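A note on names: the letters A, B, ... follow the listed sequences, proteins ahead of strands, and every chain is numbered from 1. Because the structure is a prediction, the values reported are computed rather than measured.
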Amino acid sequence: MLAKLDVSAVCEKVEIAGAGFLNFRLRAAVLAETLAAAARGEHLFFEQAAPPRTVVIDFSSPNVAKPMHVGHIRSTGIGDALQRTLRLLGHRVISDNHIGDWGTQFGKLLLGWKQILDRPALERDAIGELERLYKVINAECDANPAQLEEAKSELVKLQAGDAENIAIWKEMICLSQIQFDTIYSRLGVKFDQALGESFYNPWLGEVVNDLLQRGIARESEGAVGVFSDGSLPPKEDPFLVNRDGEWVADPALVRKSDGGFNYTTTDLATIDYRLKTWSPDEIVYVVDDRQSGHFKKLFATFARWKADDAKKVKLVHVGFGKIMGDDGKPFKTRSGDTVKLGDLLDEAEERAFKIVSEKNAELPEAQRREIARVIGLGAVKYADILPNRQSDYIFSWDKMLALQGNTAPYLQYAYARIKSIFRKAELPAGHQPPAAVNLQAPEELALARHLLNFGLTLEAVADELRPNYLCNYLFELAGKFTSFYENCPVLKAEDAATRQSRLALCDLTARVLCQGLNTLGIQVVEQM
RNA sequence: GCGCCCGUAGCUCAGUUGGAUAGAGCAUCUGCCUUCUAAGCAGGUUGUCGCGCGUUCGAUUCGCGCCGGGCGCACCA
């Protein structure tokens, strides 16, 4: 292999190193020229994908009439990082927020609205009031069958298009939309589409009829479900479950015995719509791992329903684990309630503000507020993306804001230090990047080599749908930069050429840090 | 019961698809601020990669079997 290999243009002599290893040494001149080209703005160490793919990403998916809570940050944060990564690499992305705006909960909500709505409370805090309606009526339904019947009949009226119920339902959606807009604008998350469950209503009946006609679904106990077709061994068959040693049917229900539809039905109609509308190569669902069984059934059902279409698209469930409190149980407030996303972000900003004020009391308050906003939000997002997504992680304010170790503030700090160098450098307007980058010190070389890996890392994130790879890359980059920073004076470098070269290295590092963090949905600050 | 996920340093976690001496942060110990932000850096200490068998030149990574934890298993989504 060595005899046939010709990489002399980019590498020094290639050496055999033990059993099955070849050692390649990148030519210093190639490294320097790659950096010089980047300094001239010709690239930033990554390339556009060829050919680009079309990818639908389904994430966040909050419910109408409920507060967005801590359970939504993983789907929202991971999904947003993925859409940003794919876009950066030149793929065509359609991000779609599949909002829970339809379903059985509206029976209870409508009943609550009619029986116990507190208008002034609704105007003060719409989501709080809607939440209260649901909780009260839900409790009453558990205790009182007559009330449950009432709720069901409100739902039937809604589904039948009753004008009054439709109007109330629309108002609830409007009120919820205000909340969603507020949260997403704080998070800086944008969607191309927000086609909620209700959007697919017109097709649900057809979906079920078609499945019945093709013999994929059948009736059972008054409901309609998709059952095993026996094509797989029982262990691998998503439509079978073992109970006490017997393999029994575990169907995907598509119509309830009362005639209502299930979420599998909506999801089937959704896949069909997305294929017809955007012809994607891939549809990615960023949803809690606990729903993996649902997605297995959904994908298997779709493959049986539309075999030709199914061959053209890759359906992927990007699952993730739970967020735990430091007691190892699901993360809750001290009083045992779910943590609301808005409150979580408020607290992150407050904690960051305290720290910024301690470290940098001399900055004006407005600037400290803005720094705290970026740092606090970044800390929460980063802590959420950093762990391998399928494992649960323990939520810790101290850890994410500790600002040492693998955290967003550490990365933002590295960026701020670079910007500080440029403020002190007092470069003339229209400063040109150096003609040559000259790398000598081991810290310079290590930093330069690591910059080259940015593109490979982005591609790994896109291929495996794991944004945590980018977190680890950036953490290493910041680490290599600070080593360089400690050991290699920039402004007081021994000669002008070294100074120019090191300035270029600093600038490229800042650009990659900024681009990388932005790709994770995190901003940077010039000073902190 | 069956399926899925997890088990890596005292703690919290990485480990880019089977590669070389398994890495970070916290904790702990030792140095470094009249010099570009010390929210930092340099270095020391810390491991039966849950256990066993197998496949392989080579296994934390793949297969099988155990042990321990979490989650899911028909009309909620």
Side-chain angles (χ1 to χ4, degrees), chain A residues 17-21 23 61 63 98 100 102-105 197 220-225 234-238 240-258 260-264 266-267 287-294 296 319 321-322 324 326 328 355-356 358-360 375 386-388 390-394 396 398-399 401-407 409-410 412-414 416-425 453 456-457 459-461 463-464 466 468-469 471-473 475-476 478-479 482-493 502 506 527-528:
Chain A
F21 293 94
N23 283 346
S61 314
N63 288 314
H98 195 68
W102 195 253
T104 42
Q105 74 272 25
E197 292 169 353
S220 169
E221 298 172 30
V224 176
K235 274 181 84 160
E236 291 160 37
D237 193 325
L240 292 178
V241 66
N242 191 302
R243 288 231 171 74
D244 301 319
E246 296 257 343
W247 289 102
V248 297
D250 183 31
L253 295 186
V254 291
R255 195 169 72 200
K256 300 189 280 185
S257 52
D258 68 4
F261 301 106
N262 304 72
Y263 77 144
T264 299
T266 313
D267 282 354
V287 180
D288 191 324
D289 251 340
R290 283 175 288 194
Q291 295 203 34
S292 64
H294 163 67
K296 277 182 190 154
K322 299 183 296 296
M324 315 296 265
D326 46 20
I355 298 168
V356 175
E358 273 169 33
K359 303 281 182 191
N360 261 319
I375 303 285
L386 175 65
N388 183 332
Q390 73 234 36
S391 48
D392 297 341
Y393 79 91
I394 293 180
S396 160
D398 290 340
K399 205 154 278 183
L401 284 163
L403 319 190
Q404 69 245 137
N406 197 349
T407 63
Y410 175 79
Q412 290 163 322
Y413 180 57
R417 287 171 117 183
I418 297 174
K419 287 294 147 174
S420 177
I421 293 174
F422 280 93
R423 272 195 304 278
K424 298 222 159 136
N453 288 334
L456 283 176
T457 305
E459 284 164 22
V461 171
D463 290 347
E464 299 183 38
R466 291 185 184 276
N468 62 311
Y469 291 166
C471 297
N472 288 323
Y473 169 82
F475 177 58
E476 282 175 30
T482 41
S483 288
F484 159 81
Y485 180 87
E486 297 285 335
N487 290 291
C488 304
V490 177
L491 298 179
K492 294 181 179 167
R502 286 182 179 166
C506 285
Q527 248 180 300
M528 64 184 274

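Ring stacking is absent between A/Phe475 and B/A24, as the pair misses the limits of under 5.5 Å between centres and under 30 degrees between planes.
When the C1' atom is compared between B/G7 and B/G40, the two are found 35 Å apart, to the nearest whole Å. Rounded to the nearest Å, the gap between the C1' atom of B/G47 and that of B/C53 is 23 Å. B/U60 and B/A14 have their C1' atoms separated by 12 Å, given to the nearest Å. Look at the C1' atom in both B/U55 and B/G65: the space between them is 15 Å, to the nearest Å. Between B/G19 and B/C26, the distance separating the two P atoms is 29 Å to the nearest Å. The same atom, C1', is picked in B/C36 and in B/G31; the two are 22 Å apart, to the nearest Å. B/G50 and B/A9 are spaced 15 Å apart, taking the C1' atom of each and rounding to whole Å. For the C1' atoms, the distance from B/C11 to B/C4 is 28 Å, rounded to whole Å.
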Derivation of the side chain to side chain contact (heavy atoms under 4.5 Å, CB included) call for A/Lys399 and A/Ile394: CA-CA 10 Å; A/Lys399 205 154 278 183; A/Ile394 293 180; over 6 Å; no
Do A/Asn406 and A/Asn472 pass the side chain to side chain contact (heavy atoms under 4.5 Å, CB included) test, and can you show the C-alpha distance, the side-chain angles, and the key distance before you say yes or no? CA-CA 8 Å; A/Asn406 197 349; A/Asn472 288 323; 3.3 Å; yes
Before you tell me yes or no, could you show the steps for A/Tyr485 and A/Cys506 under side chain to side chain contact (heavy atoms under 4.5 Å, CB included), namely the whole-Å CA-CA distance, both residues' side-chain angles and the distance that decides it to 0.1 Å? CA-CA 9 Å; A/Tyr485 180 87; A/Cys506 285; over 6 Å; no
Side chain to side chain contact (heavy atoms under 4.5 Å, CB included) assessment of A/Val287 paired with A/His98: CA-CA 11 Å; A/Val287 180; A/His98 195 68; over 6 Å; no
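Separating the CG atom of A/Asp237 from the C1' atom of B/G3 is a distance of 12 Å, rounded to the nearest angstrom. Rounded to whole angstrom, the span from the CZ atom of A/Phe261 across to the P atom of B/C76 amounts to 14 Å. Distance, A/Lys235 NZ to B/C4 P: 7 Å, rounded to whole Å. Put simply, CG on A/Asn360 is 11 Å from P on B/A38, counting in whole angstrom units. If you take NZ of A/Lys359 and P of B/U37, they are 16 Å apart, rounded to a whole angstrom. Between the NE2 atom of A/His294 and the P atom of B/C73 there is a distance of 12 Å, rounded to whole Å. In this structure, A/Trp247 places its CH2 atom 16 Å from P of B/C73, rounding to the nearest Å. Regarding A/Asn406, its CG atom lies at a distance of 12 Å from the P atom of B/A24, rounded to whole Å.
Heavy-atom nearest nucleotides on RNA chain B were determined for A/Asn487 and for A/Ser257, and the one closer to the 5' end corresponds to A/Asn487. For A/Arg423 and A/Ser292, each mapped to the nucleotide of RNA chain B holding its nearest heavy atom, the one lying further toward the 5' end belongs to A/Ser292.
Between A/Arg417 and B/A38 there is a side-chain polar atom (N or O) within less than 4.0 angstrom of OP1 or OP2. Not one side-chain nitrogen or oxygen of A/Tyr410 sits closer than 4.0 Å to the OP1 or OP2 atom of B/A38. The side chain of A/Ser483 places an N or O atom within less than 4.0 Å of a non-bridging phosphate oxygen (OP1 or OP2) of B/A42.
Nucleic acid contact class of A/Asn23 (heavy atoms, under 4.0 Å, all strands): base. When heavy atoms are screened at a 4.0 angstrom cut-off, A/Ala416 is found touching base atoms of the nucleic acid. Across all strands shown, A/Thr457 has no heavy atoms under 4.0 Å from either base or sugar-phosphate atoms. Within 4.0 Å of A/Gln527, counting heavy atoms only, lies at least one base atom of the nucleic acid. Residue contacts shown for A/Glu464 include a base, since a base heavy atom lies under 4.0 Å away. Contacts of A/Thr482 with the nucleic acid, taken as non-hydrogen atoms under 4.0 Å apart, involve only primed sugar atoms and P, OP1 or OP2. In this structure, A/Glu221 reaches the bases: a heavy-atom distance under 4.0 Å links it to at least one base atom across the strands shown.
Ranking B/U16, B/C73, B/C36 by closeness to the A/Val241 side chain, first place goes to B/C73. Checked against B/C76, B/A20, B/A74, the side chain of A/Lys256 finds its nearest nucleotide in B/C76. If you check B/A38, B/A77, B/G40 against the side chain of A/Glu486, the one that comes closest is B/G40. Of the candidates B/C73, B/A38, B/C76, B/C73 carries the atom nearest the A/Arg243 side chain, counting heavy atoms from C-beta on. Picking from B/A39, B/C75, B/C36 the nucleotide with the shortest atom distance to the side chain of A/Ile421 gives B/C36. In this structure, of B/C4, B/A74, B/C36, it is B/C4 that holds the atom nearest to the side chain of A/Lys296. Of the listed nucleotides (B/U35, B/A20, B/C73), B/U35 has the atom at the smallest distance from the side chain of A/Lys492.
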Would you list the protein and nucleotides 5-14 of chain B atom pairs, both N or O, that sit under 3.5 Å from each other?
unit_1, atom_1, unit_2, atom_2, d
B/C6, OP1, A/Gln390, NE2, 2.7
B/A14, OP1, A/Asn388, N, 2.7
B/A14, OP1, A/Ser391, OG, 2.9
B/A14, O2', A/Asn472, ND2, 2.7

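An anti orientation is assigned to B/U16, its glycosidic angle lying beyond 90° of 0. With its glycosidic angle more than 90° from 0, B/C5 is assigned anti.
With hydrogens and angles ignored, a donor-acceptor pair closer than 3.5 Å exists between the side chain of A/Ser220 and the base of B/A74.
Between the side chain of A/Asp288 and the backbone N or O of A/Arg290, at least one donor-acceptor pair lies under 3.5 Å. Side chain of A/Asp392 to backbone of A/Gly321: no donor-acceptor contact under 3.5 angstrom is found. Without hydrogens or angle criteria, A/Arg466 side chain to A/Asn388 main chain gives no donor-acceptor distance under 3.5 Å. When atom types are taken as modelled, the side chain of A/Ser420 and the backbone of A/Ala416 share no donor-acceptor pair closer than 3.5 angstrom.
Residue A/Val224 is tested with A/Leu253, A/Asn262, A/Val254 for a side-chain contact (heavy atoms from CB on, under 4.5 Å); the sole match is A/Val254.
In plain terms, the two heavy atoms of A/Asn23 and A/Ala17 that are nearest each other are ND2-CB, 3.3 Å. Residues A/Gln412 and A/Ile375 share a closest heavy-atom pair of OE1-CD1, 3.3 Å. When all heavy atoms of A/Ile421 and A/Val490 are compared, the closest pair comes out as CG2-CG1, 4.1 Å.
To the nearest 0.5 Å, the span separating CG on A/Asn360 from CD on A/Gln527 amounts to 7.0 Å.
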The dot-bracket string of RNA chain B, counting Watson-Crick and G-U wobble pairs with both distances under 3.5 Å, using [ ] for crossing pairs and | for pairs to another strand, is (((((((..((((.....[...)))).(((((.......))))).....(((((..]....))))))))))))....
